[in-house]
Amino acid sequence: MSGTVVHLHKNTDPPAGADTPTMLTVVPDSPSAPVVPLWVRSGRAIKTAITHETTRTGARTAARHTLYVVGGARIVARRTWDGRTAARYERMLRAAEAAGNHEAAAEWEERGQRYREARHRRRMELLHSPLDAAKGAAVSAGTGIGGLVLLGIAMAIATKDATEVVTPLMAVIKFINLMITIVQVVWGPALTIGPFLALLALWTVGSKQQAAPQWTLPANARSSEGEPITPSIVVKALRDLGVPALRNAIKEMGDAGASMLGPIRIAGCGVEVDVTLPSGVSTIEVQQRRRKLAENLTRHEHEVFITIPEAARTVRLWIADSGALDEPIGPSPLVTDDTMTADYAKGKAPWGQDLRGDAAALSLYQRHLLITGLSNQGKTVALRSLALWLALDKSVQFLMGDLKGVGDWAMFDGLATTLIQGPTDEHVIQVTEMVEGAVDEMNRRLMAPPGTVFPALIVLVDEAQVAFMCPLKDEDKRPYGGSKSNSRYFMAVRKIHNQGRAVNVLMWQGTQDPTDQNLPKLVREGAHTRASLALGTESQARMALGDKAVDGGAAPNLLRPGLDQGTLVVASSGIDIPKGQSSITVRTHYVDDDAAEAITDRAKAMRDGVTTLTVIERGEDRDPLADIATVVGDASRVLTQDVLKRLAALNADAYGAWSFIDLKRVLDGTGAEPYKSDGRMVVGRDRLARALANRDSDGSASTAE
């Protein structure tokens, strides 16, 4: 409207919802017309509109489809160039040379030379083709016209009309004129529509190849969850890893970068592929970029594992299916098969599954064991499942110390010879003396004649870091904890590590959050089987598994605390590890307390009965006859060697050095003397009971020396 005046000013009372108090007042030229205020949105509102998700989605869509055309043109141009030149042969030649395959390089060079020779022949033929074409056209035209005239003469003779001679020739001329007319009609629209059809063709090629930057793709296309692993995806992931030498080598190889890859094999809930790195690229450069490699493969970090096989300059990638590692692996065979038994010497404990989905079984024969990890990651359950399997071998004996004391090992009461449960310093003292008693038993076995076979004695301490950190000292000022040469627990463990396996006395320890203080170097390196759940740092991983395993790709510090419970990395000769690797990742079966009790009930039913000592008494006079009756318990008879071991566990100071002669000395003349049963010396429960009842009325008995 003419004469309208517009005032721009601030107002302190903007309407509700206005982003700014800026107002345009429109004053019309007619006095009777109302004054119209127009509220204007501020820059903040404009910014909000620009960053709104709908706006951003629209912008991405426009950019994506535009870049599809550009990418499609690039792909078509590349294909055309490859078809017209020897570029593909050059790329394959460089790839073969980079891989060191000289035979393939020579073959591609020969193919390229044959292609160039054929192309030269075609070009020389093109130089002579215009003249040959003109001659051919002239001959064809003369032949064609002559044929039409002859046809017209024949028609004229048949119809007796001389004008029919030119009828065939005129029909051809009219047909040519019709074609020219059709072309004239179609040519204009074709020139208009043709570019659009060409753009549509380029867009189709680009969209099929997803030839647009990642940021322009839809969210579902960008995430590519569950996308199959192909050679091109692996090569692109390696190319974008941020290693210049690797990127340049792949760039020179072109599309033949897949020549670095071995076969992609299905491996459990994922795939496995060996990558031979180009010269100048070390395996450690790839290992250190595990997270970036996983993201380039559209996987999470914990879904990609990098190990070093035997082949030089080679890394082995195991890539899980998206989300597969978050699925449970199923119950343990210990739970599902109530007829299962164990064989300490020849069998293997069903522990879980490896990443390929194959059963992971561990041999426990003459191997000291160490399991570590952060708190609440499944360490006790993993350790306990091994003990549950071994308990199904009735010849195996257990000495157990649980320095957590919350009942995780309570089901072994009546199965273990000794079971100490509790977190206090007093419990540490008792566990230390239990381990020292095992050392005495080991020394007794070492004195036996060569070739003597002894049953397995498993000395198991859970939460062993409590023992190593104990500050108490005994009456001789010797510390119970620590890692000095006079530290009682440390030295007892070291002695078992040094000589125990020769006589089947084995040390099993579970500890958390390893450091040099709570897990001394000499102790952790004395274990033959070392396993680790999730840890916080690489230095802890090296403490848990050793430098060789970590340098070979073991990375328990990359497991997810709380999410990868029960998943551990194992370094041991007792488990099947793929050739060339130094460790294996195992997802252990979960055996809950109820299932564990059912398994130990089966184990107890296989044995004559075990009296479990829950406290080790120290420093008082002993009644040997009464103690012998105590360790025999409810069993009708017990082998004399088992009686000696139980007495040593009851009180190492009093009975640790006892032999069969000492036992016989105490029982002679009591009516409870050892006797043979099935060819072996035993002590009978009923005879002991009668001997105790017939003792002197004052109940006196000689004390142990």
Side-chain angles (χ1 to χ4, degrees), residues 368 370 372 399-405 417-447 457 459-500 505-527 543 613-624 627 644-658 662 703-705:
H368 302 303
L370 171 65
T372 187
L399 301 177
M400 292 184 169
D402 174 16
L403 293 176
K404 184 189 296 181
T417 304
T418 301
L419 177 59
I420 308 298
Q421 301 181 87
T424 68
D425 291 338
E426 178 63 25
H427 291 102
V428 171
I429 294 173
Q430 295 189 35
V431 167
T432 301
E433 294 180 348
M434 177 191 77
V435 179
E436 290 174 337
V439 173
D440 294 335
E441 169 62 16
M442 176 189 72
N443 292 332
R444 187 188 69 80
R445 293 184 177 190
L446 290 170
M447 298 300 294
L457 174 61
V459 186
L460 189 153
V461 179
D462 196 10
E463 305 297 339
Q465 77 279 355
V466 177
F468 285 114
M469 298 297 289
C470 180
L472 292 187
K473 297 182 179 180
D474 62 15
E475 60 275 8
D476 297 326
K477 303 302 181 182
R478 295 176 58 201
Y480 287 94
S483 58
K484 295 183 179 180
S485 59
N486 63 342
S487 299
R488 292 180 59 177
Y489 180 79
F490 170 76
M491 290 306 298
V493 173
R494 285 293 300 143
K495 289 175 182 177
I496 294 177
H497 278 176
N498 289 338
Q499 296 180 295
V505 177
L506 303 176
M507 191 74 209
W508 290 11
Q509 294 184 98
T511 183
Q512 62 177 255
D513 201 10
T515 66
D516 283 327
Q517 288 71 39
N518 64 27
L519 187 58
K521 178 181 177 65
L522 292 178
V523 169
R524 61 182 185 249
E525 292 186 350
M543 291 180 189
L613 304 179
T614 58
V615 63
I616 297 178
E617 300 177 357
R618 307 178 305 279
E620 69 276 12
D621 291 339
R622 309 299 306 184
D623 181 349
D627 286 344
L644 290 171
K645 286 185 288 187
R646 295 179 186 183
L647 287 172
L650 179 65
N651 191 294
D653 294 333
Y655 304 113
W658 269 33
D662 298 305
T703 58
E705 298 177 358

What's the shortest heavy-atom distance between His427 and Pro423, and which atoms? ND1-N, 3.8 Å

Does atom NZ of Lys495 have more than 12 heavy-atom neighbours, drawn from other residues, nucleotides or ligands, at distances under 6.0 Å? no

Selection residues 506-515 - residue pairs positive for salt bridge (charged side-chain N to carboxylate O under 4.0 Å, His left out), sequence neighbours left out: none

Lys477 meets the side chain to side chain contact (heavy atoms under 4.5 Å, CB included) criterion, sequence neighbours left out, with none

Which of Met434, Met442, Glu441 passes side-chain contact (heavy atoms from CB on, under 4.5 Å) with Val459? Answer is Met434

Could you go step by step and tell me if Asn518 and Gln512 meet the side-chain contact (heavy atoms from CB on, under 4.5 Å) rule? CA-CA 9 Å; Asn518 64 27; Gln512 62 177 255; over 6 Å; no

CG-CE distance between Leu419 and Met400, expressed to the nearest 0.5 angstrom: 7.5 Å

Taking all non-hydrogen atoms of both residues, which atom of Phe490 and which atom of Ser483 are closest, and how far apart? CE2-O, 3.5 Å

Paired with Gln509, the side-chain contact (heavy atoms from CB on, under 4.5 Å) test is passed by just one of Asp462, Leu370, Thr372, namely Leu370

With rounding to the nearest 0.5 angstrom, report the NZ to CE distance, Lys484 to Met491. 14.0 Å

Work out which heavy atom in Pro624 is nearest to a heavy atom in Trp658; give both atom names and the distance. CB-CH2, 3.9 Å

Below 30° counts as parallel, above 60° as perpendicular, anything between as tilted: where do the rings of His497 and His368 land? tilted

Which atoms form the tightest heavy-atom contact between Leu399 and Ala649, and what is the distance? CD2-CB, 4.3 Å

So, Asn651 side chain and Tyr655 main chain: donor-acceptor pair closer than 3.5 Å or not? no

Given side chains that start at C-beta, do those of Tyr489 and Val428 come closer than 4.5 Å, heavy atoms only? no

Step by step, would you call Arg445 with Lys645 a side-chain contact (heavy atoms from CB on, under 4.5 Å)? CA-CA 11 Å; Arg445 293 184 177 190; Lys645 286 185 288 187; 3.6 Å; yes

Which value, rounded to the nearest 0.5 Å, describes the distance between Met507 atom CE and Leu457 atom CG? 10.5 Å

Under 3.5 Å, side chain of Asp474 to main-chain N/O of Asp476, donor-acceptor pair present? yes

With a 4.0 Å cut-off, would you call Asp516 and Arg524 a salt bridge? yes

Pairwise distance OG1(Thr511) to CG(Leu519) - rounded to 0.5 angstrom: 5.5 Å

Side-chain (Arg488) to main-chain (Thr432) donor-acceptor, under 3.5 angstrom: no

So which atom in Ala492 and which in Val439 form the shortest heavy-atom distance, rounded to 0.1 Å? O-CG2, 3.5 Å

Closest non-hydrogen contact found for Gly401 with Val431 is CA-CG2, 3.9 Å

Measure the spacing between CG of Leu506 and CG of Leu460 and express it to the nearest 0.5 Å. 11.0 Å

Taking it one step at a time, do Ile429 and Leu472 satisfy side-chain contact (heavy atoms from CB on, under 4.5 Å)? CA-CA 9 Å; Ile429 294 173; Leu472 292 187; 3.9 Å; yes

Quick one: pull up OG1 in Thr515 and CE in Met469 and give me the separation to the nearest 0.5 Å. 6.5 Å

